[in-house]
Amino acid sequence: QVQLVESGGGLVQAGGSLRLSCTASGRLFSGYGVGWFRQAPGKEREFVAAISSSGGVTYYADSVKGRFTISRDNAQNTVSLQMNGLKPEDTAAYYCARGLAMKATMIQRDYNYWGQGTQVTVSS
């Protein structure tokens with residue numbers, strides 16, 4: 001069993017930065033890809049970023065490319081999402097998820113463990 005806990009969300013002004021962290025319990029984390037997804041009120045959950053087990057492959061949604069950076073520290077069982085240049089449209093609950101395999105993937109059905117989410121609110 002793997003438990004994922006997100007932290008680092010909050011309220012920030014447009015143009016500001018936040019760093020989200022996803023910390024996993026258990027040993028079944030470092031060998032798997034991890035993704036970040038977000039869901040705004042009234043909208044479908046969408047892909048944000050993903051990283052392979054080694055950290056060597058990363059993917060980003062077009063809407064966050066160049067502003068967000070995903071990274072991982074397998075020794076600490078942690079995956080981070082550095083978010084710079086935040087916009088009001090980035091407001092959402094952000095979820096991390098552990099994948100079924102080593103690869104990074106943008107597809108939600110490729111993830112089988114999900115955290116409870118952390119709220120990010122960007123004011124204009």
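Side chains included, hydrogens not; waters and symmetry mates left out as well; all remaining heavy atoms used. No experiment lies behind these values; they were computed from the predicted model shown.
Taking both residues in full, the closest heavy atoms of Val48 and Phe68 are given as CG1-CD2, 3.7 Å, listed atom of the first, atom of the second, then distance. Heavy atoms only, all atoms of each residue included: Val34 and Ile70 are closest at O-CD1, 4.0 Å. Across every non-hydrogen atom of Ala40 and Ala92, the tightest pair is N-CB, 3.8 Å. When every heavy atom of Ala14 is checked against every heavy atom of Ser124, the shortest pair comes out as CB-CA, 4.4 Å. The nearest pair of heavy atoms linking Ser21 to Thr78 is CB-CG2, 4.3 Å. Across Gly85 and Arg67, no two heavy atoms sit closer than the pair O-NH1, 2.9 Å.
Considering CE of Met106 and CD of Glu46, their distance stands at 13.0 Å, rounded to 0.5 Å. The distance from the CZ atom of Arg38 to the CD atom of Glu44 is 14.0 Å, given to the nearest 0.5 Å. In this structure, OH in Tyr95 is found 11.0 Å from CD in Gln108, a value given to the nearest 0.5 Å. For the atom pair OH (Tyr94) and OG1 (Thr118), the distance works out to 10.5 Å, reported to the nearest 0.5 Å. Atom OH of Tyr113 and atom CG of Leu4 lie 9.5 Å apart (nearest 0.5 Å). To the nearest 0.5 Å, atom CD1 of residue Ile51 and atom OG1 of residue Thr105 are 14.0 Å apart.
Without hydrogens or angle criteria, Arg45 side chain to Gln39 main chain gives no donor-acceptor distance under 3.5 Å. Of the possible donor and acceptor atoms, none in the side chain of Gln119 sits under 3.5 Å from a partner among the backbone N and O of Gly9. A distance-only check finds no donor-acceptor pair linking the side chain of Ser52 to the backbone of Lys103 [under 3.5 Å]. In this structure, Glu6 contributes its side chain and Cys96 its backbone to a donor-acceptor pair below 3.5 Å. Within the 3.5 Å criterion, the main-chain N or O of Ala61 finds no donor-acceptor partner in the side chain of Ser63. Remark: the backbone N or O of Ala24 is not paired with any side-chain donor or acceptor of Arg98 at under 3.5 angstrom.
Ring centroids of Phe37 and Trp114 are separated by less than 6.0 Å, placing the two rings close together.
Under the 3.5 Å distance criterion, with hydrogens and angles disregarded, no donor-acceptor pair is assigned to the side chains of Ser30 and Asn74. Using a 3.5 Å distance cut-off with no hydrogens or angles, the side chains of Asn84 and Gln82 do pair a donor with an acceptor.
No more than 12 heavy-atom neighbours from other residues, nucleotides or ligands sit within 6.0 angstrom of OH on Tyr59.
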Inset, instruction - Walk me through it: do Leu20 and Met83 pass the test side chain to side chain contact (heavy atoms under 4.5 Å, CB included)? - result: CA-CA 8 Å; Leu20 304 184; Met83 306 187 296; 3.7 Å; yes

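One hydrophobic cluster holds both Val79 and Leu28 under the rule that ILVMFWY side chains link at heavy-atom gaps under 4.5 Å. With hydrophobic clusters built from ILVMFWY side chains whose heavy atoms lie under 4.5 angstrom apart, Tyr111 does not share a cluster with Tyr60.
When each of Thr121, Leu81, Val122, Val120 is checked for a side chain to side chain contact (heavy atoms under 4.5 Å, CB included) with Leu18, only Val120 meets the rule.
Contact annotation: the side chain of Arg19 approaches that of Ser71 to within less than 4.5 Å [non-hydrogen atoms, C-beta and beyond].
Between Asp62 and Lys65 there is a salt bridge, since a side-chain N of the basic residue sits under 4.0 Å from a carboxylate O of the acidic one.
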